[in-house]
Protein chains: 2
Amino acid sequence: MFSKACEYGIRAATYIALRSLEGKRTSLKDIAKETDSPVAFTAKILQQLSKNKIVESVKGASGGFEIQKRNVHTIKLSQIVYAIDGDKVYHGCGLGLRECNGAKPCPVHDKFIGIRDGLKNMLETTTLLEMTRGLEVGLTYLKR
Amino acid sequence: MFSKACEYGIRAATYIALRSLEGKRTSLKDIAKETDSPVAFTAKILQQLSKNKIVESVKGASGGFEIQKRNVHTIKLSQIVYAIDGDKVYHGCGLGLRECNGAKPCPVHDKFIGIRDGLKNMLETTTLLEMTRGLEVGLTYLKR
DNA sequence: TTTATTTAGGACATTTTTGTCCTATTTATA
DNA sequence: TATAAATAGGACAAAAATGTCCTAAATAAA
């Protein structure tokens with residue numbers, strides 16, 4: 001569904017959000033550890049998220065990544081996916097046709113629209129805050 | 001959503017089904033041309049579909065690919081996707097966790113299940129016959 | 001029987017994705 | 001001020017996906 005980069009990105013952002021709600025900044029090392037992701041690769045992804053203003057990075061000793069508390073409930077999964085994978089989740093034909101639309105559709109065009117709208121809707125309505133719920137109490141997990 | 005190989009595979013199988021309903025066997029060359037797919041790569045994919053009994057291949061002059069008419073309405077998209085991409089569309093966590101289930105779910109587990117069930121249902125209920133409808137009359141397309 | 005046509009399959013090539021490593025820069029703190 | 005800790009970013013490496021090419025085998029038809 002998503003690229004590996006995007007999966008790591010969502011997990012990383014979610015963990016940063018969780019820690020930010022506790023008023024804590026998190027190092028790359030901890031993020032990678034707590035999301036079971038490759039450190040250096042995660043670093044690249046966090047650079048992208050930082051450039052896209054989804055997370056803030058602070059260099060130097062006691063630096064790390066954080067998200068302003070007031071932003072945790074406004075940032076949607078769709079923003080993270082867009083920052084990393086672009087809009088190919090939305091546009092792009094299910095059968096790979098370069099052009100596929102209502103006027104000249106592929107055989108599964110209408111059916112795919114339904115599924116993609118579901119995905120789109122989910123991504124656009126799920127906030128980082130919502131992602132963090134359950135993590136603290138062990139109802140949901142970011143690794144294993 | 002699917003791999004390129006899978007997209008080509010669905011397009012190829014759909015075209016073969018269309019031709020088979022007309023009582024015609026189709027050469028690799030024609031399939032690639034009519035689905036705008038790379039010839040040699042499509043050949044590999046058709047080998048897989050042939051091994052999985054989704055299409056039948058006939059070697060030699062006037063050979064090619066075909067699907068028994070009686071099978072065109074029983075073969076589902078899910079079988080083609082499974083033959084090429086395996087079951088990763090079904091299993092596999094939205095956030096890439098190796099293990100993710102109701103007992104130890106990722107934060108989007110439940111939401112993903114809904115979307116994936118939609119996709120799964122679509123693949124399991126759409127037959128090749130249904131895929132061919134509209135092609136002859138120019139309502140749907142397999143290329144461009 | 002020879003030839004032309006067509007798929008099968010192995011080997012190879014290219015591109016994209018995923019992942020690592022090293023150096024520079026920034027910053028807190030001793 | 002020196003040092004240690006941390007991100008930024010470029011270069012490189014490995015793996016996977018995508019795609020090509022060539023030869024062998026099968027088959028219809030001349």
Side-chain angles (χ1 to χ4, degrees), chain A residues 1-13 15-16 19 24-33 35-67 81 83-86 88-89 92 95-96 98, chain B residues 1-13 15-16 19 24-33 35-67 81 83-86 88-89 92 95-96 98:
Chain A
M1 200 82 88
F2 304 129
S3 66
K4 276 284 161 199
C6 198
E7 292 174 354
Y8 294 145
I10 294 173
R11 277 147 64 183
Y15 186 66
I16 295 167
R19 294 267 299 168
K24 287 173 182 165
R25 188 181 288 160
T26 313
S27 71
L28 166 65
K29 209 173 132 191
D30 285 351
I31 295 165
K33 187 181 167 201
T35 60
D36 197 24
S37 307
V39 181
F41 194 44
T42 301
K44 298 294 186 193
I45 296 159
L46 286 171
Q47 276 179 40
Q48 280 186 265
L49 293 183
S50 178
K51 281 176 187 160
N52 282 274
K53 317 272 184 190
I54 289 164
V55 304
E56 288 174 44
S57 76
V58 178
K59 278 187 173 183
S62 86
F65 296 88
E66 63 188 338
I67 299 172
V81 173
I84 298 172
D85 279 352
K88 64 184 167 190
V89 179
L95 298 189
R98 278 167 307 196
Chain B
M1 201 82 90
F2 305 129
S3 66
K4 276 284 160 197
C6 199
E7 292 174 354
Y8 294 145
I10 294 174
R11 278 148 64 184
Y15 187 66
I16 295 167
R19 294 268 300 169
K24 288 173 182 166
R25 190 180 286 161
T26 314
S27 72
L28 165 65
K29 209 172 132 192
D30 283 350
I31 294 164
K33 186 181 168 200
T35 59
D36 197 24
S37 306
V39 181
F41 194 45
T42 301
K44 299 294 187 194
I45 297 159
L46 286 171
Q47 275 180 42
Q48 280 186 265
L49 294 184
S50 178
K51 280 175 187 160
N52 282 275
K53 316 270 183 192
I54 290 164
V55 305
E56 288 174 44
S57 74
V58 178
K59 277 186 174 182
S62 85
F65 296 87
E66 63 188 336
I67 299 171
V81 172
I84 299 171
D85 279 352
K88 65 185 169 190
V89 179
L95 298 188
R98 278 166 308 198

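From a predicted model like this one, the values you see are computed outputs, not experimental measurements. Residue numbering restarts at 1 for every chain, and letters A, B, ... go by the order of the sequence lines. As a basis for the values below, the full set of heavy atoms in this structure was taken, side chains included, without hydrogen atoms, waters or symmetry mates.
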For [X], side chain to side chain donor-acceptor pair (under 3.5 Å) partners two or more places apart:
X: B:Gln47; answer: none
X: A:Lys4; answer: A:Glu7
X: A:Asp85; answer: A:Ser3
X: A:Gln48; answer: none

(Q) Taking the minimum atom-to-atom distance to the side chain of A:Ser50, which one of D:dA8, C:dT7, D:dG19 wins? (A)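 Closest nucleotide to the A:Ser50 side chain: D:dA8.
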
Q. Looking at the side chain of A:Ala5, which of C:dT18, C:dT7, D:dA6 is the nearest nucleotide?
A. C:dT18

Q: May I ask you to list the residues of residues 35-44 of chain B, by number, that have any heavy atom positioned under 4.0 Å from an atom of DNA chain D?
A: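 Here the set is B:Pro38, B:Ala40, B:Phe41, B:Lys44.
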
[X] has an atom [atom1]; how far is it from atom [atom2] of [N], in whole Å?
X: A:Leu46; N: D:dG9; atom1: CG; atom2: P; value: 12 Å
X: A:Glu56; N: D:dA6; atom1: CD; atom2: C1'; value: 16 Å
X: A:Phe2; N: C:dT17; atom1: CZ; atom2: P; value: 16 Å
X: A:Arg25; N: C:dT27; atom1: CZ; atom2: P; value: 11 Å
X: B:Lys51; N: C:dT7; atom1: NZ; atom2: P; value: 16 Å
X: A:Lys59; N: D:dA8; atom1: NZ; atom2: C1'; value: 5 Å
X: A:Gln48; N: C:dG19; atom1: CD; atom2: P; value: 14 Å
X: B:Ile45; N: C:dG9; atom1: CD1; atom2: C1'; value: 15 Å

**Q.** Inter-residue atom distance B:Tyr8.OH - B:Ile45.CD1, 0.5 Å rounding
**A.**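 One finds 7.5 Å between OH of B:Tyr8 and CD1 of B:Ile45.
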
Report all interatomic pairs (protein N or O, nucleotide N or O of nucleotides 28-30 of chain C) with separations under 3.5 Å.
| from | atom 1 | to | atom 2 | distance (Å) |
| --- | --- | --- | --- | --- |
| C:dA28 | O4' | A:Ala61 | O | 3.4 |

Q.
Quick check on C:dT5: is either OP1 or OP2 less than 4.0 Å from any side-chain nitrogen or oxygen of B:Lys29?
A.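 So the side-chain polar atoms of B:Lys29 never come under 4.0 Å of the phosphate oxygens OP1 or OP2 of C:dT5.
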
Q.
I want to check one thing: is the phosphate of C:dG19, taken as OP1 and OP2, less than 4.0 Å away from some side-chain N or O of A:Tyr8?
A.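 For C:dG19, OP1 or OP2 has a side-chain N or O of A:Tyr8 closer than 4.0 Å.
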
Q: With sequence neighbours excluded, tell me which residues meet side chain to side chain contact (heavy atoms under 4.5 Å, CB included) with A:Asp30.
A: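 Counting only residues at least two positions away or on another chain, A:Asp30 forms a side chain to side chain contact (heavy atoms under 4.5 Å, CB included) with A:Thr26, A:Ser27.
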
Q | Listed partners of B:Arg19 passing salt bridge (charged side-chain N to carboxylate O under 4.0 Å, His left out), at least two apart | A |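 Partners of B:Arg19 by the salt bridge (charged side-chain N to carboxylate O under 4.0 Å, His left out) criterion come out as none, since no residue qualifies.
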
**Q.** Smallest separation among heavy atoms of A:Ile84 and A:Gly9, with atom names
**A.** CD1-CA, 3.8 Å

Q: Could you note down all residue pairs passing salt bridge (charged side-chain N to carboxylate O under 4.0 Å, His left out) where residues 52-67 of chain B supplies at least one of them, sequence neighbours left out?
A: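 Passing the test, one end in residues 52-67 of chain B: B:Arg25-B:Glu66.
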
Q | Toward the 5' end of DNA chain C, by each residue's nearest nucleotide, A:Cys6 or B:Leu28 | A | B:Leu28

